[in-house]
Asker: 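Got a structure for you, written out below as structure tokens; questions coming shortly.
In what follows, residues are counted from 1 in the order of the sequence shown. Given the structure is predicted, the values throughout are model-derived calculations rather than measurements.
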Amino acid sequence: MSQANGGQLKIFAGSSARELSSEIAAYLGMPLGRIELGTFANGEIKVIVNENVRGNDIFVVQSTCSPVNDHLMELLIIIDALMRASARRVTAVVPYYGYARQDRKTRGREPITAKLVANLITTAGAGRVLTMDLHAGQIQGFFDIPVDHLSAVPILADYFLQKGIEDVVVVSPDLGSLARARDMAVKLRAPIAIVDKRRPEPNVAEVMNIVGRVKGKTAIIIDDMIDTAGSLVSAVDALLDRGAKQVYGCCTHPVLSPPAVERINGSRISEVVVTNTIPLGADKSSGKIRVLSVARLLGEAISRIHEDLSVSELFV
């Protein structure tokens with residue numbers, strides 16, 4: 001990669017994104033930066049940057065997925081190490097932004113942790129953030145530095161277009177995901193439906209009604225993440241009970257907290273399509289889960305940011 005005004009481009013991988021970072025580096029035709037990550041005997045995180053980064057344009061790839069606090073702290077320490085090593089700019093590439101669901105106060109004396117995390121990343125020294133499918137788009141405004149917000153909807157939509165499914169209806173699992181479902185519906189040239197549900201408590205959802213026509217159609221449920229899969233499985237049952245032929249699920253972030261995989265395997269869903277913003281270990285593997293890569297999209301965005309080109313053109 002040629003040098004722009006901001007110095008040489010280098011990519012460093014956090015421990016939660018080694019495979020994805022390698023794919024991004026391969027797309028850009030460059031090696032990953034040399035960095036040593038580990039812990040001291042007392043559990044504190046150890047970071048050693050093993051190459052010169054002075055004056056360079058650095059991108060650190062790290063999803064703040066489980067264990068969330070460890071990966072978040074590691075990201076902050078990597079950014080700090082690079083800035084103290086005189087990097088010209090450090091961009092935090094956070095494919096999955098943890099704590100995003102705590103983006104507002106829903107009752108008294110609650111924190112707004114999504115804002116706190118934004119402050120931490122900025123204070124650590126990041127000059128820019130590149131992320132994907134935030135749980136709430138307004139989180140971009142929590143940062144006082146530029147944020148490039150990518151979407152995996154085109155990648156997910158292309159997958160279903162290649163399958164050649166007919167009579168499709170795109171289903172939003174709640175009102176909050178309606179804009180995402182509309183984007184998918186436009187790309188698939190399909191109508192939309194909405195699951196009307198309520199949450200009596202966190203990670204518990206009750207389907208009240210289905211708004212829209214689903215009888216005789218193949219339903220594709222799209223969300224930003226799948227956590228315990230309780231909402232997904234409830235929506236699948238409701239759609240099939242109302243006459244849908246079959247149901248697919250898709251999301252950008254496969255959080256898949258227990259017992260998500262067991263619920264998916266035991267459900268009537270045909271397939272769940274996710275991306276690799278969060279690495280899936282052996283404990284999260286399933287014959288019903290298909291993983292698509294976002295490396296090319298992130299790699300192209302990194303290249304454009306480095307060269308001071310438009311990132312929004314990726315969505316034209």
Side-chain angles (χ1 to χ4, degrees), residues 16 19-20 63-68 95-96 98 100-101 132-133 135 152-153 155-163 165 168-174 176-177 180-181 184 188 190 192-208 210 214 217-294:
S16 73
E19 185 174 339
L20 176 58
S63 279
T64 51
C65 52
S66 182
V68 181
Y96 169 68
R101 284 174 285 183
M132 294 197 67
D133 284 318
H135 186 67
V153 169
I155 295 173
L156 297 169
D158 285 346
Y159 175 80
F160 287 108
L161 284 171
Q162 291 171 13
K163 290 179 76 73
I165 303 171
V168 169
V169 58
V170 178
V171 179
S172 173
D174 51 42
S177 297
R180 187 176 294 105
M184 172 76 90
L188 298 182
I192 65 172
I194 305 169
V195 177
D196 176 22
K197 69 183 181 185
R198 70 183 186 97
R199 288 189 178 275
E201 57 185 276
N203 291 124
V204 176
E206 296 178 359
V207 175
M208 308 298 290
I210 302 293
V214 300
K217 295 183 176 290
T218 295
I220 300 175
I221 305 170
I222 182 169
D223 209 346
D224 65 312
M225 69 175 72
I226 298 173
D227 191 354
T228 62
S231 297
L232 175 66
V233 171
S234 296
V236 170
D237 290 338
L239 289 165
L240 290 172
D241 291 345
R242 285 161 177 78
K245 291 189 298 185
Q246 59 180 336
V247 180
Y248 290 86
C250 65
C251 75
T252 305
H253 310 300
V255 179
L256 300 182
S257 305
V261 175
E262 290 77 7
R263 282 174 170 169
I264 290 170
N265 288 337
S267 73
R268 294 185 285 169
I269 198 166
S270 298
E271 186 179 44
V272 177
V273 184
V274 303
T275 79
N276 60 345
T277 58
I278 297 175
L280 294 187
D283 59 325
K284 295 182 180 180
S285 62
S286 168
K288 287 190 173 184
I289 298 176
R290 174 67 182 270
V291 182
L292 307 179
S293 179
V294 295

Asker: Which pair of non-hydrogen atoms, one from Ala181 and one from Val171, has the smallest distance, and what is that distance?
Answerer: CB-C, 4.5 Å
Asker: Give a yes or no answer on whether the side chain of Asn276 reaches the backbone of Val294 with a donor-acceptor pair at less than 3.5 Å.
Answerer: yes
Asker: For Thr64, what residues pass the side-chain hydrogen bond (donor to acceptor under 3.5 Å, both in side chains) criterion, not counting sequence neighbours?
Answerer: none
Asker: With the side chain counted from C-beta on, respond yes when Phe160 and Val168 share a heavy-atom pair under 4.5 Å apart, and no when they do not.
Answerer: no
Asker: Below 4.5 Å, heavy atoms only, C-beta onward: do Tyr96 and Ser16 meet side chain to side chain?
Answerer: no
Asker: With rounding to the nearest 0.5 Å, note down the distance linking CD1 in Ile222 to CE in Met184.
Answerer: 3.5 Å
Asker: Using only atom types and a distance under 3.5 Å, with no angle test, would you say the side chain of Ser267 pairs donor to acceptor with the backbone of Val233?
Answerer: no
Asker: How close do Leu239 and Ala219 get, heavy atom to heavy atom, and via which atoms?
Answerer: CD1-CB, 4.0 Å
Asker: Atom CD1 of Ile289 and atom CD1 of Ile264: how far apart are they, to the nearest 0.5 Å?
Answerer: 4.5 Å
Asker: Do Pro279 and Cys65 have side-chain heavy atoms sitting under 4.5 Å apart?
Answerer: yes
Asker: May I ask you to say whether Asp224 pairs ionically with Arg101, meaning some side-chain N is under 4.0 Å from a carboxylate O?
Answerer: no
Asker: What pairs with Glu262 under side-chain hydrogen bond (donor to acceptor under 3.5 Å, both in side chains), at least two apart in sequence or on another chain?
Answerer: none
Asker: The criterion is side-chain hydrogen bond (donor to acceptor under 3.5 Å, both in side chains); which residues satisfy it with Ser177, sequence neighbours excluded?
Answerer: Asp174, Asp223
Asker: If the test is side-chain contact (heavy atoms from CB on, under 4.5 Å), which one of Ile220, Val214, Ile221 qualifies with Val247?
Answerer: Ile221
Asker: State, with a plain yes or no, whether a side-chain heavy atom of Asp241 is found less than 4.5 Å away from one of Arg268.
Answerer: yes
Asker: Just by modelled atom types, is the Gly98 backbone N or O under 3.5 Å from a matching donor or acceptor in the His253 side chain?
Answerer: no
Asker: Are Ile226 and Pro254 packed together at the side-chain level, in the sense that at least one heavy-atom pair is separated by less than 4.5 angstrom?
Answerer: no
Asker: Lys163: which residues meet the salt bridge (Lys or Arg N to Asp or Glu O under 4.0 Å) condition with it, sequence neighbours left out?
Answerer: Glu271
Asker: Hey, is the main chain of Val255 close enough, under 3.5 Å, to the side chain of Lys284 for a donor-acceptor pair?
Answerer: yes
Asker: Supply the atom-to-atom distance Gln246 CD to Leu240 CG, rounded to the nearest 0.5 angstrom.
Answerer: 9.0 Å
Asker: Roughly how far, to the nearest 0.5 Å, is the CG atom of Leu188 from the OG1 atom of Thr218?
Answerer: 11.5 Å
Asker: Do Leu156 and Thr275 have side-chain heavy atoms sitting under 4.5 Å apart?
Answerer: yes
Asker: My understanding is that only residues two or more places apart in sequence, or in another chain, count here; which of them pass salt bridge (Lys or Arg N to Asp or Glu O under 4.0 Å) with Arg290?
Answerer: none
Asker: Do the side chains of Pro95 and Leu20 get nearer than 4.5 Å, heavy atoms only?
Answerer: yes
Asker: Spell out, as yes or no, whether a donor-acceptor pair under 3.5 Å connects the side chain of Ser286 to the backbone of Asn265.
Answerer: no
Asker: If I compare all heavy atoms of Thr252 with all of Thr277, which pair ends up nearest, and what's the gap?
Answerer: O-OG1, 3.2 Å
Asker: Hey, which of Val291, Leu232, Val236 is the one that makes side-chain contact (heavy atoms from CB on, under 4.5 Å) with Val272?
Answerer: Leu232
Asker: If you look at every heavy atom in Asp283 and Val261, which pair is closest and at what distance?
Answerer: O-CG2, 4.2 Å
Asker: Who pairs with Asp158 by salt bridge (Lys or Arg N to Asp or Glu O under 4.0 Å), at least two apart in sequence or on another chain?
Answerer: none
Asker: Say whether, by atom type as modelled, one donor and one acceptor occur between the side chain of Arg263 and the main chain of Thr228 under 3.5 angstrom.
Answerer: yes
Asker: Backbone N or O of Ile278 within a donor-acceptor pair of the Ser63 side chain at under 3.5 Å?
Answerer: no
